[in-house]
There are 2 protein chains.
Amino acid sequence: MDQRTSSEKAYRAILQAILEGQLPKGEFLSQRMLASIADTSIISVREALKRLEHEHILEAIPKWGVRIPLETRERIQGLYGVREALEVMVAYLLCLQDDPLVAQEILEKATECDLITTEGKESVDYFAQKHRELHLLMAERSGNHHLKLELERLGLRSLLYQSAKSTWANQVDDWRNWHRNLVGEIFSHDPARAQEAMHRHIQHGLHHDLVMFDRGMFV
Amino acid sequence: MDQRTSSEKAYRAILQAILEGQLPKGEFLSQRMLASIADTSIISVREALKRLEHEHILEAIPKWGVRIPLETRERIQGLYGVREALEVMVAYLLCLQDDPLVAQEILEKATECDLITTEGKESVDYFAQKHRELHLLMAERSGNHHLKLELERLGLRSLLYQSAKSTWANQVDDWRNWHRNLVGEIFSHDPARAQEAMHRHIQHGLHHDLVMFDRGMFV
DNA sequence: TTTTCGTATCTGTTATAACAGTTATATTGT
DNA sequence: ACAATATAACTGTTATAACAGATACGAAAA
């Protein structure tokens, strides 16, 4: 925990409190209360809240404060839609530039992902981290820096689903070579195939999360 | 100017100052100076700056403050890339749902756009406004609320280019039926065609802005 | 008992001032 | 005159307290 500014300290404290489920969902959160649990001033908390709002982790209503949004199918689909739009563009750009060195680099990262045997909570967390690194690497290598920035911002939200995803374990085995295949499709010299592959990849994740949601594992 | 909060007052004042070119580009802006021209406190200015940074109108370096980014081809291409990703997704979703009523509504808005004869500065501003309304309407009708929110946020940046676009006038005539054709392609029952049409539409705009940039009309 | 009014205490918002760091200027010592 | 140092004036950041509004509680009046 080597945060330099007080706002970042507040950001991490609040984010952690959210991820650990220590804050009520759907109710407005008192800024003074947040300031006390983050051990900072209100203004640092407000800056942190602005950032969490931008990352779609919180939603703000002017003059009424901020709250943890209640999940709905529409909300999950909506956020996945935005992410899919950006990721499909990444796949398109990667396919167009068609650089063997970049392809090799990404393929190695994908292999690293596929080889993780997800058993137990910490290995699932490890997989989630590597998976995130893979997608951010692809965004980085797409050549469009802003695409990476936007995905970095949105990607943080997926942390919220990690606990629910601890139940993956036995399902993940179906995904062996999943990412290697994705990378293979992306560098198939056919932009349409690259986009389609990424489209299916994200849709698969969406479907998985919706199943989790329907089972009530998100509340 | 009926802003309710002080932060919004600061936001509008700073945005206006940027659009009117009253602030130096590339240099760090003093928050106290901004507070004096916005006639508010520093903290309201800081909240406004956070929002402007979020909209990619300003860029922030921690502990070093905020500045108006110097335009580069890479930056323009990058932001257009993000926007294209989202808009192509909008086209895809509109094509999939294939609702004749929605198609009709959007076609009317597109027609409204195409019929504007852009002569003089104010009519160009009027066209820009209607054009923005058209794209936001499509995003709204895509059924994904978050797509619209993201486009709304990014779209504000295009205001920066409006002054340069005042020189459109004679070129815009080539674009007659441009938007009607776009809408026609989107509702062609072929998702690939819809995406391709939107892709070309955005690429056209990008190309136009790059030409403007190369002519030095952005500085 | 029910209604009304006032007070006390929440809420988000914002202004002031102090803190911490850097930069530039001026002053001092050689 | 030149160099080193101290001082002054900036910078972003943040803590404190006050402001404005809404809400809840309770006492007093009908």
Side-chain angles (χ1 to χ4, degrees), chain A residues 1-18 22-70 149 153 156, chain B residues 1-18 22-70 149 153 156:
Chain A
M1 290 290 184
D2 188 22
Q3 56 263 354
R4 295 174 64 264
T5 73
S6 187
S7 298
E8 184 132 353
K9 175 181 170 186
Y11 171 80
R12 301 207 191 197
I14 296 172
L15 179 59
Q16 182 180 347
I18 294 175
Q22 298 173 358
L23 296 175
K25 292 168 184 168
E27 302 175 13
F28 287 102
L29 305 174
S30 161
Q31 299 179 355
R32 285 170 177 83
M33 179 267 290
L34 294 176
S36 79
I37 75 170
D39 192 34
T40 55
S41 71
I42 289 185
I43 136 151
S44 300
V45 163
R46 285 174 66 86
E47 302 220 348
L49 293 182
K50 269 278 193 315
R51 182 173 162 192
L52 289 166
E53 177 194 349
H54 290 163
E55 291 166 351
H56 297 281
I57 293 174
L58 294 177
E59 66 178 354
I61 283 85
K63 289 280 184 183
W64 276 97
V66 80
R67 64 183 171 192
I68 305 177
L70 296 175
L149 290 180
R153 181 173 59 87
L156 283 172
Chain B
M1 291 293 180
D2 188 22
Q3 56 262 351
R4 295 170 63 260
T5 73
S6 188
S7 299
E8 183 133 353
K9 175 180 170 186
Y11 171 81
R12 301 207 191 196
I14 297 172
L15 180 59
Q16 183 180 345
I18 293 175
Q22 297 173 359
L23 296 176
K25 290 167 185 169
E27 302 174 12
F28 287 101
L29 305 174
S30 162
Q31 299 180 356
R32 285 171 177 81
M33 178 268 290
L34 294 177
S36 79
I37 75 170
D39 192 36
T40 55
S41 70
I42 289 185
I43 136 153
S44 299
V45 163
R46 285 174 66 86
E47 302 221 347
L49 293 182
K50 270 278 192 319
R51 180 173 163 192
L52 290 165
E53 175 196 351
H54 184 55
E55 292 166 350
H56 297 282
I57 293 174
L58 294 176
E59 67 178 353
I61 283 86
K63 288 280 183 184
W64 277 98
V66 80
R67 65 184 171 192
I68 305 176
L70 296 175
L149 289 180
R153 178 172 60 86
L156 282 173

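Chain A is the first sequence line, chain B the second, and so forth, proteins listed ahead of strands; every chain is numbered from 1.
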Q | Earlier contact from the 5' end, DNA chain D, for A:Lys63 and B:Val66 | A |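 Its nucleotide being nearer the 5' end, the pick is B:Val66.
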Taking only N and O in the side chain of [X], is any of them less than 4.0 Å away from OP1 or OP2 of [N]?
X	N	answer
A:Ser44	D:dA15	yes
A:Ser30	C:dT11	yes
A:Arg46	C:dT13	yes
A:Thr5	D:dG12	no
A:Thr40	D:dT14	no
A:Ser41	D:dT16	no

Q. Taking it one step at a time, do A:Arg12 and A:Leu15 satisfy side chain to side chain contact (heavy atoms under 4.5 Å, CB included)?
A. CA-CA 5 Å; A:Arg12 301 207 191 197; A:Leu15 179 59; 5.7 Å; no
Grab the [atom1]-[atom2] distance between [X] and [N] for me, whole Å please.
X	N	atom1	atom2	answer
B:Phe28	D:dC10	CZ	C1'	15 Å
A:Asp39	D:dA15	CG	C1'	12 Å
A:Lys50	C:dG12	NZ	P	13 Å
B:Tyr11	C:dT13	OH	P	17 Å
B:Arg4	C:dT13	CZ	C1'	11 Å
A:Glu27	C:dT11	CD	C1'	14 Å
B:Ile43	C:dT14	CD1	P	7 Å
B:Leu29	D:dT11	CG	P	11 Å

**Q.** Test side chain to side chain contact (heavy atoms under 4.5 Å, CB included) applied to A:Leu49 and A:Tyr11, step by step
**A.** CA-CA 7 Å; A:Leu49 293 182; A:Tyr11 171 80; over 6 Å; no
Q.
Taking B:His54's backbone N and O only, do any of them form a donor-acceptor pair with B:Arg153's side chain (distance below 3.5 Å, no angle check)?
A.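 A pair under 3.5 Å: yes.
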Q | Side-chain donor or acceptor of B:Lys63 paired with backbone N/O of A:Arg4 under 3.5 Å | A |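 Such a contact is absent between B:Lys63 side chain and A:Arg4 backbone.
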Q. Where the side chain of A:Gln31 is defined as all heavy atoms beyond and including C-beta, which of D:dT16, C:dG12, D:dG12 is the nearest nucleotide?
A.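 The nucleotide sitting nearest to the side chain is C:dG12.
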Q) Nearest to the side chain of A:Ser6, which nucleotide is it out of C:dT13, D:dA15, D:dA22? A)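 The nucleotide sitting nearest to the side chain is D:dA15.
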Q: Would you mind classifying the nucleic acid contact of A:Leu34 as base, sugar-phosphate or nothing, using non-hydrogen atoms under 4.0 angstrom?
A: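 Result for A:Leu34 = nothing.
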Q: Assign B:Leu49 to base, sugar-phosphate, or nothing according to its heavy-atom contacts below 4.0 angstrom with the strands shown.
A: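 No contact at all - B:Leu49 keeps every heavy atom at 4.0 Å or more from the nucleic acid.
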Q: Under the side chain to side chain donor-acceptor pair (under 3.5 Å) rule, collect the residues that match up with A:Glu27, sequence neighbours excluded.
A: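 Expected list: none.
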